[in-house]
Amino acid sequence: MNEDIISNNQGNAENLKPSLQTVFTSSSLAPPFKKTISHNSVTSHWIKENNDTISTTTSIDEHPYFIDRIKRLVRQLFSINLCLSMLILSLILISTVAIFAVTFVTQQRSIEEYSSMIGNQLRFRTSEYVTQFMKSPFQILEAWAIKSKRQSFGRTESTENILNMMYAFFAVNDVTFISYTRSDDYNIGMFYDNDLGSIAVEVYRDGVWTNSSIPIISDDGVVALPDPKDDPGDTYPNHMNDMAWWTNSRDIFSQLNQTQVGAWSTIYADYNGQFWISAYRPLFNYSFNNETGETEKVMDILYSIDLEMTIVSNYLRDNLGLSKNSFVYIVQSKDTIMVASSKIDNDELFIFDLTQERYIIPKRLNESKIDVVSGEGNKLLGDYGFDISNITIPSFKYNGYQIEISSVTDKYGLSWSIIAFVAIDDFSGQVIEFRNIVIIVDSIVITFSLIMAIIISRLITSPLSRLGKKMVEIRKINISSDFLKPNGDDDSEDLEQIPSFNENDNTNTHVPSMSNTVYPEPPKQILSHKHHDNPTQRFKFLQNSLFYEVSVLQKHFTKMSHAVQGFMKYVPVEIVSTFLKGDPSSFELGVSEKRIAIFFSDIANFTSICESLEPSDIIEMLGHYFEKLSEIIYQNKGILDKYIGDAVMALFGAPETFEDYVYYCCNAAYEIQIALKKMNSKFSKIGLPTLNTRIGISVGDVLLGNIGSSFRLSYTCLGDSVNLAARLEGLNKMYGTSILISDSCYQLVKERFVCRLIDMVAVKGKSQGEKVYEVVCRMDHSTESIVEKCLSYENILTECYWKKDFTLAKAEFESFGKKYPKDKASIEMIRRCDDFMHRDAKIFEQWDGVFVATEK
């Protein structure tokens with residue numbers, strides 16, 4: 001089949017190149033049409049002659065042409081020039097009136113509603129965070145206490161169990177400090193130590209603290225806890241009674257009813273001036289008091305989580321900035337003592353003092369450093385006193401701010417009020433500024449638009465009209481006078497009847513769609529290559545434009561789109577794209593030297609297959625076959641040069657060179673063989689013969705470009721590499737292989753494909769031999785057995801056959817054939833060795849291992 005591809009003058013690219021360049025520059029190839037009668041002049045003569053005839057022999061009522069002319073004039077009244085001018089003026093007037101009305105009538109109301117909405121949003125988001133802040137610690141403590149009860153832990157609980165449980169709750173929850181305290185003078189606190197860079201614990205026992213923190217070294221536990229007396233730090237002579245959190249929590253729970261299982265501490269400070277609040281969850285024991293004769297509830301174990309109050313303020317500051325000057329405060333509902341604020345950088349919520357109880361002096365809302373906050377605090381103090389938990393008016397204005405107040409409480413006694421301060425000027429200032437700008441701009445625009453509307457419309461319509469005329473001129477290239485007669489369906493003087501594709505023809509050659517991309521993905525149908533895509537229907541929506549100019553443009557664009565789409569079914573899309581760029585050199589006769597990869601494929605025994613099938617079945621099978629081959633080639637960035645019967649020629653690295661083009665060429669061949677197995681399986685199921693494809697690939701310098709004449713050009717290539725690829729495809733038959741590549745190709749892909757050295761061959765028409773390789777598989781599909789087979793064959797070839805030890809080579813190939821009985825290459829080498837063994841040894845004195853092929 002490949003004999004149709006390779007011509008005699010294709011054998012020597014170097015001798016061919018000068019002769020081609022000489023012919024291309026010869027004046028004898030000038031287009032022979034320059035002195036012919038102008039097609040347009042004939043057309044104009046026909047129209048003028050027939051118009052004169054119509055005007056003298058018919059009336060308006062007797063011929064539809066004049067009615068069409070009148071309709072056309074009516075449609076021209078809907079030109080963009082007029083409609084756009086009126087539209088611009090109308091929109092400007094309507095928008096001006098509407099903006100003035102909205103700005104002056106609803107301005108204040110919008111500001112108030114928006115400010116209230118922002119305040120509610122600020123308050124709601126803060127409430128969500130505070131609610132979660134209150135809930136999370138007790139969820140952790142309750143789970144801890146329940147787990148301890150279920151496992152019967154208590155005073156007998158081991159240190160290892162305590163640490164593991166503390167670590168489990170600390171590691172998965174975002175807490176700062178968690179502690180376990182027992183009434184028998186025992187405490188463990190767990191926290192993240194920044195100095196150590198890890199989770200650490202501190203231990204207290206019998207009035208003594210450890211001198212330093214102890215890091216946790218793994219997820220399974222901590223270093224064995226030392227006795228604080230071995231590494232003493234701070235001491236407490238009164239033991240647990242000197243622990244403020246123990247005595248405070250004990251006092252808190254002694255005053256609560258027995259159903260409440262948790263409580264909050266008041267806000268306090270540590271030695272470093274950090275402010276905290278603690279969540280407590282106790283476990284009680286009940287003991288009999290001999291003196292009173294009653295059973296008493298005694299706090300035995302205290303689980304606690306300490307939360308740093310700065311975290312709350314930082315969250316409010318970093319996440320709730322809805323406007324520049326809006327902010328939020330959180331206070332205790334019962335006394336308006338400030339707890340947190342998004343203004344933490346500008347205000348002082350607490351005063352750190354080591355001489356005070358809990359080392360803290362709290363401040364109320366009216367003691368804030370921010371004037372509007374202290375003023376609001378004084379207003380609330382005057383209206384409700386210190387307790388604002390039952391405030392009756394939670395939303396009001398004060399000193400340029402929209403104030404929104406809500407309360408958040410939990411079942412453990414914590415009650416906080418959220419006060420959102422929304423700066424009204426942050427929003428009203430922009431509205432007022434916008435209103436003033438609108439007044440000025442609209443006054444200028446109304447005057448200026450009267451002139452600009454006409455200018456803009458002309459600027460839009462003129463290019464459209466010119467473009468429509470240019471499109472008509474382009475389409476006239478293929479028009480014959482038979483299609484220039486006036487017709488009732490014509491909408492323009494310049495719009496002629498142009499032959500188009502048959503709308504009822506559903507036959508599709510399965511060339512992939514080339515729109516929008518250079519390397520498109522072809523249709524994914526495997527056993528259905530008939531598409532029902534009607535180009536006329538696809539662009540029908542473009543034909544219904546109201547505007548006259550756009551209607552003409554759209555009709556021409558539709559027909560041009562049909563032509564371009566049809567053109568791309570016959571010419572590679574990469575070449576079409578160079579045409580559409582408008583480069584005149586794309587249409588010129590000429591070639592250039594370029595290094596590319598050439599791909600040839602052919603179906604084995606296709607003649608026999610054709611004899612056993614009906615022509616319709618053959619076409620159907622070829623349709624599926626070419627569809628899949630084309631799809632894979634395009635997906636690997638190749639271009640289809642031509643179909644020759646059942647053969648395919650493709651180029652990789654043309655017209656533009658891209659990285660790894662040789663790899664993509666080999667990968668396309670490999671993927672085709674894989675896809676062919678699936679396709680053959682489907683053919684077998686429906687009673688059709690299977691197809692076996694042989695592929696040859698070479699890489700080298702070729703003459704690439706437009707070859708042909710001024711009548712017709714073909715984008716293809718010529719040269720020795722083309723001839724070699726075709727010959728390699730034919731050699732597959734001799735060696736029983738599917739993909740053969742040249743040595744130059746192998747050197748570029750050997751790191752990415754497993755290849756087997758088959759032979760050193762001088763293809764027909766060449767005297768110099770070249771190593772030939774079989775592409776076995778990609779490296780990612782390789783196995784040890786595949787590699788072993790390739791190496792074994794190559795070792796016999798190089799160490800025996802090429803060293804002219806044909807007796808040993810035959811024996812080794814026979815052994816190889818027993819292990820791989822289906823390997824036809826070894827069978828061919830056995831036959832050849834047997835032949836060489838019976839020849840005169842002198843014949844092989846100068847033999848370099850090259851096999852000279854005598855068949856294509």
Side-chain angles (χ1 to χ4, degrees), residues 1-6 596-606 609 622 624-654 661-680 690-700 702 717 721-746 748-750 752-759 761 763-764 770-778 781 790 823-825 853 855-856:
M1 188 62 67
N2 296 325
E3 285 82 350
D4 299 329
I5 307 168
I6 308 166
I596 64 171
I598 303 97
F599 169 106
F600 271 96
S601 73
D602 196 10
I603 299 175
N605 302 318
F606 188 69
I609 294 174
L622 276 181
H624 302 319
Y625 172 77
F626 284 144
E627 177 74 16
K628 178 52 67 174
L629 258 68
S630 302
E631 176 184 351
I632 295 174
I633 288 171
Y634 274 105
Q635 287 176 346
N636 283 276
K637 305 182 182 180
I639 65 170
L640 287 169
D641 186 291
K642 57 177 71 71
Y643 298 107
I644 313 100
D646 61 304
V648 173
M649 176 179 175
L651 310 178
F652 290 77
Y661 64 89
V662 180
Y663 162 76
Y664 281 107
C665 184
C666 294
N667 192 60
Y670 179 65
E671 291 182 351
I672 286 171
Q673 296 297 344
I674 294 176
L676 200 59
K677 293 180 181 179
K678 299 180 181 178
M679 186 183 299
N680 283 333
T690 58
L691 302 179
N692 296 315
T693 296
R694 298 189 289 245
I695 299 172
I697 298 173
S698 69
V699 59
V702 298
C717 61
S721 295
V722 181
N723 182 48
L724 177 59
R727 297 291 184 257
L728 289 175
E729 181 275 315
L731 283 177
N732 281 289
K733 182 178 181 180
M734 176 185 296
Y735 297 105
T737 53
S738 297
I739 307 171
L740 286 181
I741 63 175
S742 64
D743 182 62
S744 57
C745 182
Y746 167 76
L748 296 173
V749 300
K750 61 184 179 182
R752 305 171 79 169
F753 284 92
V754 176
C755 298
R756 176 168 64 146
L757 175 60
I758 292 294
D759 200 355
V761 182
V763 298
K764 185 176 181 181
E770 181 173 354
K771 290 181 180 179
V772 176
Y773 294 83
E774 176 194 13
V775 174
V776 181
C777 65
R778 279 202 308 255
H781 294 169
C790 296
D823 188 76
K824 190 175 178 181
E855 297 181 358
K856 297 181 179 180

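It should be emphasised that the depicted structure is a prediction, and the values quoted were computed from it without experimental measurement. Every heavy atom of this structure was used, including side-chain atoms; hydrogens, water molecules and symmetry mates were not.
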For Arg694, what residues pass the salt bridge (Lys or Arg N to Asp or Glu O under 4.0 Å) criterion, not counting sequence neighbours?
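By the salt bridge (Lys or Arg N to Asp or Glu O under 4.0 Å) rule, Arg694 matches Glu729.
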Looking only at heavy atoms, what is the nearest atom pair of [X] and [Y], with distance?
| X | Y | answer |
| --- | --- | --- |
| Thr737 | Glu774 | CG2-CD, 3.6 Å |
| Leu728 | Leu740 | O-CD1, 3.6 Å |
| Val662 | Cys745 | CG1-SG, 3.6 Å |
| Gly645 | Phe626 | O-CZ, 3.2 Å |
| Asn732 | Gly696 | ND2-N, 4.4 Å |
| Ile633 | Ile639 | CG2-N, 4.2 Å |

Could you walk me through whether Ser630 and Tyr643 satisfy the side chain to side chain donor-acceptor pair (under 3.5 Å) test, starting with their C-alpha distance in whole Å, then the side-chain angles of each, then the deciding distance to 0.1 Å, before giving a yes or no?
CA-CA 10 Å; Ser630 302; Tyr643 298 107; 2.6 Å; yes
Separation of [Y] [atom2] from [X] [atom1] (nearest 0.5 Å):
| X | Y | atom1 | atom2 | result |
| --- | --- | --- | --- | --- |
| Lys677 | Leu691 | NZ | CG | 15.0 Å |
| Met649 | Phe600 | CE | CZ | 4.5 Å |
| Phe606 | Asp646 | CZ | CG | 5.0 Å |

Are the side chains of [X] and [Y] in touch, meaning some heavy atoms are under 4.5 Å apart?
| X | Y | value |
| --- | --- | --- |
| Arg727 | Ser698 | no |
| Tyr664 | Gln635 | no |
| Thr693 | Asp602 | no |
| Val761 | Glu770 | no |
| Ile596 | Val699 | no |
| Ile695 | Ile672 | yes |
| Val776 | Cys790 | yes |
| Leu640 | Tyr634 | yes |

Which residues share a side chain to side chain contact (heavy atoms under 4.5 Å, CB included) with [X], sequence neighbours left out:
| X | result |
| --- | --- |
| Lys750 | Tyr746, Gln747 |
| Ala825 | Tyr735, Arg756, Ile758, Tyr793, Asp823 |
| Val775 | Ile739, Ile741, Phe753, Cys755 |

Step-by-step side chain to side chain contact (heavy atoms under 4.5 Å, CB included) determination, Cys717 to Leu651:
CA-CA 9 Å; Cys717 61; Leu651 310 178; 3.6 Å; yes
Does the Asn667 side chain pair with the main chain of Tyr663, one donor and one acceptor, at a distance under 3.5 Å?
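Answer holds: no.
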With sequence neighbours left out, what residues match Phe652 under ring pair (Phe, Tyr, Trp, His ring centres under 6.0 Å)?
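None.
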Which residues share a ring pair (Phe, Tyr, Trp, His ring centres under 6.0 Å) with Tyr661, sequence neighbours left out:
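For Tyr661, no residue satisfies ring pair (Phe, Tyr, Trp, His ring centres under 6.0 Å) once neighbours in sequence are set aside.
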Run the side chain to side chain contact (heavy atoms under 4.5 Å, CB included) test on Asn605 and Asn692 for me, step by step, so that the C-alpha distance in whole Å, both residues' side-chain angles and the decisive distance to 0.1 Å come before the verdict.
CA-CA 8 Å; Asn605 302 318; Asn692 296 315; 6.0 Å; no
Verify side chain to side chain contact (heavy atoms under 4.5 Å, CB included) between Ser601 and Leu629, making sure each step is shown before the conclusion.
CA-CA 10 Å; Ser601 73; Leu629 258 68; 3.7 Å; yes
Between Glu671 and Lys628, is there a salt bridge with N-O shorter than 4.0 Å?
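Not counted as a salt bridge, because no side-chain N and carboxylate O are separated by less than 4.0 Å.
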